[in-house]
Amino acid sequence: MFRKKAIASALLLGLAFALPAQAQSVLRVKGDGDIKQLDALFTTSYPTRDMAYLIFDTLFSVDANYKPQPQMVDKWSVSDDRKTYTFTLRPGLKFHDGAPVTSADVVASIDRWLQRDSMGMEIAKRRDSLTAVDASTFRLVLKEPFDRVIEGFGRMTAYPLFVMPARLAKTPPTEEIREFVGSGPFKLAASEWIPGVQLVLTKNADYVPRSEPPSALAGGKIAKVDRIERITFRDDMSAVNALLAGEIDYVSSVPPELLPVLQADPDIQWAKAPILGKNFQVIINHTQPPFNDVRMRQALQYLVNQQDMMTAIFGNRKDLYEICGALFMCGGPYATDIGSERFLNPSVDKAKELIKAAGYDGTPIVYLHPMDGKIQRDAGTILVAAMRKAGIVVEDVQMDTATMFTRRTNKGSPKEGGWNVFMTGFAGDALMDPLTNPFMTGACEKAWIGWPCDTEMQKLWQDFLLAGNDAQRREIAIKLQAKANEIVTYIPIGQYNDISAWRKNVSGMVPGPILTLWNVQKTR
Amino acid sequence: MKRGYSFPMVFGGTVIAATLLCALLAPMILGYSDDIVMTRSMRAPGAEYWFGTDNLGRDIFVRTLSGARNSVIVGIGVAGLTLLIGTAFGLLAGYFNRLDGAIMRMMDGLMAIPGVLLAIALAAILGSGLYTVVIAIAAPEIPRTARLVRSVVLTIREMPFVAAAISVGSSTPKILLRHILPNAMPALMVQATFVCASAILTEAVLSFLGVGTSPDIPSWGNVMAGGRQFFRVAPWVILFPGIFLSIFVLAINLFGDALRERGDPMLSGRRA
Amino acid sequence: MARFLLWRLLSTVPVMLTVLVVIFLLLHLGPGDPAATLAGDNATPEQIASIRARLHLDQPLIVQFAIYLRQVLSFDLGVSVFSNRPVTTLILQRAEPTLMLATTTTLLSVIVAVPAGIYAAKRVGRFGDYVVMGLSAIAFSVPVFVLGYLLMQSFAISLRWLPVQGYRPLSAGLMACLTSLTLPTLALTCLFAALVARITRATMLDVLAQDYIRTARAKGAGRFRILIVHALKNIGVPVVTVVGTSFAALLGGVVVTESVFNIPGAGRLTVEAILTRDYPVVQGVMLVFAVILVGVNLLVDLSYTLFDPRIRHGGAR
């Protein structure tokens with residue numbers, strides 16, 4: 001049995017490699033990180049989600065203004081009492097296995113998503129019924145009005161609503177799907193997928209794009225290359241060298257220190273991406289001393305020097321980052337500096353005053369410091385140095401990311417394997433909205449790691465969820481940020497963009513929150 | 001070979017002595033000023049910063065010299081630990097027939113895992129302190145030393161002077177330490193130089209893969225690994241520690257070779 | 001002969017068991033497990049817990065080991081926690097580049113280093129010996145990733161003679177494959193050839209000092225004749241030993257080289273699996289590596305018995 005399997009896979013592999021690549025346009029891309037699995041309802045990993053957008057289609061998608069626009073949906077309407085939503089699918093949608101997309105498939109996909117996504121759960125709480133009316137029409141009836149249904153169906157974080165055949169969508173969300181059949185503009189070449197090495201997509205010739213021009217994730221998605229090879233690199237230098245040598249066409253994020261090398265080459269074009277930028281955050285454990293004292297947390301705000309951290313990562317390239325006080329991202333719809341004075345004006349002296357006022361007794365604090373990611377490594381080194389300067393005794397626990405992922409979920413004291421401070425990175429598209437920003441719930445035990453606990457924030461979050469119009473939402477978001485900064489749910493270390501670079505024979509990139517490879521073409 | 005001091009031995013010895021001196025004195029001379037100073041990041045080598053600075057504005061000259069200290073600690077630490085544990089296992093396995101099978105099968109098992117992979121796994125799992133890295137690199141080296149000592153013990157055990165020692169009632173530990181161990185020493189010293197050199201290189205490899213010592217414990221390896229992204233724009237970050245590392249490892253290798261030549265009875269017998 | 005073989009085969013059982021236990025304990029006792037990495041940044045603790053349960057990570061260690069042992073004994077290495085692919089498939093997918101790189105490096109090293117080692121042994125204590133030993137010491141002292149970058153910079157980027165990175169499989173043609181392997185092979189050969197040259201020289205000195213060479217010399221055979229006919233015949237076995245015993249070192253070098261040159265081999269698979277705690281993959285690859293190493297050692301031992309009758313007849317050595 002073992003032997004047979006072995007021979008079969010060896011044969012398969014041989015076949016895969018033997019596929020001719022001539023006369024086809026092949027886009028070779030170095031994506032961010034490795035794709036280890038493709039079920040975007042099972043993991044929240046960004047690379048997985050980004051790739052899933054190419055394979056699966058969505059009911060709605062956000063445009064460049066982060067407004068949901070219909071994608072698979074042709075027409076939709078909501079009843080006057082705001083409780084009944086009726087949707088009609090676009091004609092001609094087909095899954096990669098040839099089967100037409102029916103409303104039964106959609107209903108099953110929505111069902112799986114409702115159990116997993118936080119907005120989905122809010123909808124599920126209010127659901128009266130979700131039914132397929134006919135092959136292309138489905139209807140959602142709510143028990144009470146809830147105005148975020150369309151936004152939820154189109155959201156891209158934490159779990160987007162990807163549509164897949166009902167037979168796959170029936171998999172419980174706690175288990176991964178094993179077969180990746182979508183209806184998006186590209187198909188997965190499953191036999192050529194080697195986790196950790198490459199993932200290959202081929203053009204879906206049957207895809208019927210929308211007629212609107214593309215805008216971020218919305219609009220017409222046209223597969224203009226026959227084949228996309230997403231190649232995983234362990235070493236950024238090798239990726240940049242490969243781009244210079246023309247062995248790959250596109251690098252989604254180039255380390256900023258290698259930018260001069262790319263700029264010197266006339267065949268290379270680069271741009272900042274994604275549009276809203278990214279952020280790393282200092283997270284504090286609210287449950288453990290000494291940081292259960294708000295003054296200690298505020299002292300830490302004084303110690304996060306965005307300028308230093310950004311210089312460490314970007315050197316003198318001031319065009320690549322911005323010092324930003326907005327917890328909901330500078331440039332986002334809820335941007336404000338309210339309550340951010342402390343980390344916008346870092347001061348070791350003021351931190352010392354707060355630390356003294358809090359009566360800090362010199363107990364060592366545990367900083368979780370991953371060494372295998374450059375930003376976390378260098379910015380962490382700067383933060384640890386600043387904390388020490390302010391008189392905090394830091395146990396700088398250096399580890400790899402996998403250890404950090406596990407250890408940070410430990411709610412115990414540092415002596416029991418817990419922790420006090422660490423850094424993580426969420427993308428701007430998650431942070432920009434109070435509902436997707438994981439640090440805004442104030443939900444104590446149920447909050448995201450760090451477990452900030454605040455009844456006022458809990459109330460504000462609910463208010464925001466139910467707020468009807470943009471003005472109200474903005475007003476509540478500002479209050480939320482003020483409160484979050486006061487109790488210090490997280491401290492941003494500066495907003496930046498990745499640098500995407502590509503060879504000049506590649507064109508048609510759609511600016512957006514993620515790497516979208518539809519509409520991209522390659523000339524010889 | 002010649003009883004005098006050959007070039008490799010003199011060269012190796014001098015470089016090793018100089019590096020050890022640097023390693024010991026570096027903190028005193030320099031007062032540890034490899035602080036992060038963002039205003040001076042990425043300076044090219046010059047009068048002010050002899051070896052330039054890195055992206056965090058740390059002085060590469062200072063980091064190279066204090067790197068000497070930590071790299072030497074790794075090298076000597078690994079060699080020492082390997083020798084200590086390997087010798088203990090080797091002596092036990094070689095002298096006590098009953099323990100031999102169990103110990104040697106265990107050593108075979110450890111040896112069957114590629115050393116670098118085992119070191120990577122250990123370093124990733126134990127964390128990236130200086131001593132955990134020493135343990136991670138030493139563990140895969142132990143079996144070889146144990147084997148070496150065991151083979152020496154097996155040969156010497158049968159020799160008349162050991163039998164004599166037993167007959168006059170010397171205790172087992174005394175026989176092992178007084179009579180057998182000294183005879184294994186020359187071979188062990190050569191082995192130690194080899195382990196020391198390869199440990200320093202392995203540490204660099206671990207740093208390269210992101211599981212070595214942390215950047216605030218500078219070693220030649222991790223200063224280089226930290227600077228490899230800047231290879232094309234700031235080659236000095238990787239160049240200077242690289243040169244120091246290579247010369248030091250070269251010195252140890254040459255010194256070890258010279259030791260081996262001097263101690264090799266087969267060789268000296270032939271030339272005599 | 002058959003008894004010897006059987007005995008050697010049986011003696012690998014405890015060795016493999018040790019490997020299994022060591023790797024298993026190392027992974028499971030260490031901090032960090034795959035569940036949190038698998039779930040991603042946004043996942044809730046409940047979601048992580050459900051993944052832990054699905055992977056049996058919430059069971060007692062001894063139960064987990066029993067499950068694993070039973071699996072291995074039925075020739076099943078399990079399934080990757082992340083990609084859900086059988087570990088056997090993953091290894092097979094990654095085997096070709098690693099094997100090819102190991103083969104080209106071994107060949108080149110033997111071609112360069114064995115003559116160099118013999119030459120050094122012949123000129124022992126003289127200038128030629130110093131040159132060979134010095135060069136090998138230098139090659140031995142440069143970290144392989146530095147060498148890799150230097151080669152890449154000069155031959156691939158400045159001169160554009162060779163590809164910068166990546167691997168072309170054999171099915172894309174032998175030339176394409178070898179071209180893609182040229183730089184990594186060169187980088188790794190520097191390290192490996194230094195090792196082989198050293199061992200060859202030491203072995204050669206050993207052989208030259210043996211009685212039958214003295215006899216031959218006493219009988220007035222020419223130096224060249226002694227070297228080729230008598231010594232080389234006997235050096236065949238030691239060279240096999242050299243290659244066999246430094247095989248582990250080679251595998252170690254391959255890991256780093258694969259990362260520098262972005263070669264999708266088994267070494268990179270292992271490093272990635274270690275960093276993400278993909279337990280089944282780490283255990284599987286380590287086990288396969290161990291089987292290969294033990295197998296190579298077994299072959300080396302066998303080659304002794306074939307060439308050296310003393311062992312075959314149970315004599316001491």
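For clarity, every value in this text was computed on a predicted model and none was experimentally measured. Reminder, nothing fancy here: chain letters follow the sequence lines and each chain counts from 1.
Counting heavy atoms from C-beta outward, C/I91 and C/V281 have side chains that stay 4.5 Å or more apart. Side-chain atoms of C/F65 and C/V21, non-hydrogen and from C-beta on, do get closer than 4.5 Å to each other. Using a 4.5 Å heavy-atom threshold, the side chains of C/M286 and C/V22 count as separate.
A cation-pi contact, defined as under 6.0 Å to the ring centre and within 45° of the axis, links C/R198 to C/F140.
Residue B/M104 does not touch chain C at all, counting heavy-atom pairs closer than 4.5 Å. Both the backbone and the side chain of B/L118 come within contact range of chain C, judged by heavy atoms closer than 4.5 Å. Only the side chain of B/F194 comes within less than 4.5 Å of a heavy atom in chain C; its backbone stays farther off. Using a 4.5 Å cut-off between heavy atoms, B/A121 touches chain C through backbone and side chain atoms alike.
Ranked by non-hydrogen atom pairs under 4.5 Å with chain B, the options C/V255, C/L17, C/V146 are led by C/V255. Heavy-atom pairs under 4.5 Å with chain B peak, among C/S136, C/G253, C/P143, C/S259, at C/P143. Ranked by heavy-atom pairs shorter than 4.5 Å toward chain B, the options C/L26, C/V282, C/L20, C/V285 are led by C/L26. Top candidate by heavy-atom pairs under 4.5 Å with chain B, chosen from C/V19, C/L29, C/V144, C/L251, is C/V19.
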B/S71 vs B/E203, test: side chain to side chain donor-acceptor pair (under 3.5 Å). Steps then yes/no. CA-CA 8 Å; B/S71 286; B/E203 195 274 329; 4.6 Å; no
I'd like to know whether C/M16 forms a side-chain contact (heavy atoms from CB on, under 4.5 Å) with C/L287, so could you lay out the CA-CA distance, the side-chain angles of the two residues, the decisive distance to 0.1 Å, and finally the verdict. CA-CA 8 Å; C/M16 298 317 296; C/L287 196 63; 3.9 Å; yes
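Of the possible donor and acceptor atoms, one in the side chain of B/S219 sits under 3.5 Å from a partner among the backbone N and O of B/N222.
Chain B is approached within less than 4.5 Å, heavy atom to heavy atom, by C/T270, C/V271, C/I274, C/L275, C/R277 from residues 266-277 of chain C, ordered by number.
The side chain to side chain contact (heavy atoms under 4.5 Å, CB included) test with B/L206 singles out one residue from B/L201, B/V74, B/I120, B/V116, and that residue is B/I120.
With respect to B/D100 and B/R105, no salt bridge is recorded, no charged nitrogen being found less than 4.0 Å from a carboxylate O.
Using the six-membered ring where Trp is involved, C/Y149 and C/F145 have ring planes that are perpendicular, over 60° apart on the 30 and 60° scheme.
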